[in-house]
S.K.: 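The following block contains the structure, expressed as structure tokens.
What you see below is based on every heavy atom in this structure, not just the backbone, and it leaves out hydrogens, waters and symmetry mates.
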Amino acid sequence: MATAYDGPTATRAVTPAETSSSTLVSTLTPVNDQFLTLYMMGVFLVLVIPFWFLPGARTIIAPLKLYVIGWHELCHMMAAILSGGKVTSVTIDPMLGGCTRVDGGKPAIILCSGYLGSTIVGGLYVLAAWHTLGAKIASFATAVGLLCPLYKVRDKLTFLITAFWIGLLIGFWFIDHA
């Protein structure tokens, strides 16, 4: 099984005098696996943006949008409850976005929690991608997350596309180092 980092390790502690800007820049240079991950993130970003906004194309990624919007709204709900508020309703629409209505709580915390929580979850996915077992655990969580909204969905096309995405995830489980 591959490890997350196969590069050189430090043999001694670094003193504060050695942390100049040139040393800092050289230590922040990504290794090959990290460069590949960053490159793939950029490619996916370029591919997903048109699918996210174009009316005909966004149907293809509707289950993924439900998953992302669901996490975003879940973060709003958790922040509302933890700050003393009460969630009155939640709406999730893959074509329009989501809305969480709250009574009470701390508005500043509730408003920023959706983006902050989504960013943390996305960062955890990136970290999981650098390890085979972590990626497989994350794919299982994604499959569960894709299935959760289906209890409210009545669109047969969304069911079909969700089955495609889950089938793709299951297929990747059987590819070595996928």
Side-chain angles (χ1 to χ4, degrees), residues 4-5 25 28-80 89-102 107-132 134-175 177-178:
Y5 177 69
V25 170
L28 291 178
T29 304
V31 295
N32 287 341
D33 290 344
Q34 293 169 334
F35 180 76
L36 179 63
T37 302
L38 293 171
Y39 176 75
M40 291 305 295
M41 287 171 54
V43 167
F44 283 128
L45 181 67
V46 169
L47 290 176
V48 166
I49 286 176
F51 279 98
W52 194 272
F53 293 107
L54 292 176
R58 65 181 168 192
T59 304
I60 296 170
I61 63 167
L64 299 175
K65 288 180 77 169
L66 284 171
Y67 178 65
V68 170
I69 295 167
W71 262 114
H72 179 90
E73 299 305 322
L74 180 66
C75 293
H76 284 305
M77 290 186 285
M78 288 189 303
S89 70
V90 178
T91 305
I92 298 173
D93 183 346
M95 302 309 164
L96 300 174
C99 177
T100 301
R101 296 187 188 274
V102 177
I109 294 172
I110 296 168
L111 289 172
C112 71
S113 65
Y115 296 109
L116 184 63
S118 297
T119 302
I120 290 170
V121 170
L124 291 174
Y125 273 113
V126 171
L127 287 176
W130 284 330
H131 195 275
T132 304
K136 289 185 178 191
I137 292 169
S139 70
F140 179 76
T142 303
V144 170
L146 287 172
L147 288 172
C148 285
L150 289 183
Y151 80 97
K152 288 282 192 179
V153 173
R154 302 294 174 250
D155 180 19
K156 291 178 185 173
L157 182 61
T158 303
F159 275 103
L160 185 66
I161 295 172
T162 302
F164 166 76
W165 286 111
I166 290 177
L168 196 63
L169 283 172
I170 291 170
F172 283 142
W173 266 72
F174 298 105
I175 297 173
H177 301 293

S.K.: If you look at every heavy atom in Gly114 and Cys75, which pair is closest and at what distance?
M.R.: CA-CB, 4.0 Å
S.K.: Nearest 0.5 Å please: distance from the CZ atom of Phe140 over to the CD1 atom of Ile170.
M.R.: 10.0 Å
S.K.: If you compare all heavy atoms of His76 against all heavy atoms of Leu111, which two are closest, and at what distance to 0.1 Å?
M.R.: CE1-O, 3.3 Å
S.K.: How long is the gap from CE on Met77 to NE2 on His72, to the nearest 0.5 Å?
M.R.: 10.5 Å
S.K.: Could I get the full list of side-chain hydrogen bond (donor to acceptor under 3.5 Å, both in side chains) partners for Trp71, not counting sequence neighbours?
M.R.: Tyr67
S.K.: Is the side chain of Ser113 donor-acceptor paired with the backbone N or O of Ile110 at a distance under 3.5 Å, no angle test?
M.R.: yes
S.K.: Atom CE of Met40 and atom CG of Leu45: how far apart are they, to the nearest 0.5 Å?
M.R.: 12.5 Å
S.K.: Say you draw a straight line from CG of Leu169 to CH2 of Trp173; how long is it, rounded to the nearest 0.5 Å?
M.R.: 10.0 Å
S.K.: Minimum heavy-atom separation for Val90 and Glu73, please, with both atom names.
M.R.: CG1-CB, 4.2 Å
S.K.: Going from CG on Leu124 to CD1 on Ile137, what distance comes out if it is rounded to the nearest 0.5 angstrom?
M.R.: 12.5 Å
S.K.: Test side-chain contact (heavy atoms from CB on, under 4.5 Å) on Tyr125 and Thr142 and set out the steps.
M.R.: CA-CA 10 Å; Tyr125 273 113; Thr142 303; 2.7 Å; yes
S.K.: Please evaluate residues Leu146 and Leu64 with respect to the criterion side-chain contact (heavy atoms from CB on, under 4.5 Å), reporting the C-alpha separation (whole Å), side-chain torsions for both, the decisive distance (0.1 Å), and the verdict.
M.R.: CA-CA 7 Å; Leu146 287 172; Leu64 299 175; 3.9 Å; yes
S.K.: Hey, what do you get for CZ (Phe44) to CD1 (Ile49), rounding to the nearest 0.5 Å?
M.R.: 13.5 Å
S.K.: Which pairs of donor and acceptor atoms, one on a side chain in residues 156-166, lie under 3.5 Å apart (sequence neighbours left out)?
M.R.:
{"from": "Thr158", "atom 1": "OG1", "to": "Asp155", "atom 2": "OD2", "distance (Å)": "2.9"}
{"from": "Thr162", "atom 1": "OG1", "to": "Thr158", "atom 2": "O", "distance (Å)": "2.7"}
{"from": "Trp165", "atom 1": "NE1", "to": "Ile60", "atom 2": "O", "distance (Å)": "3.2"}

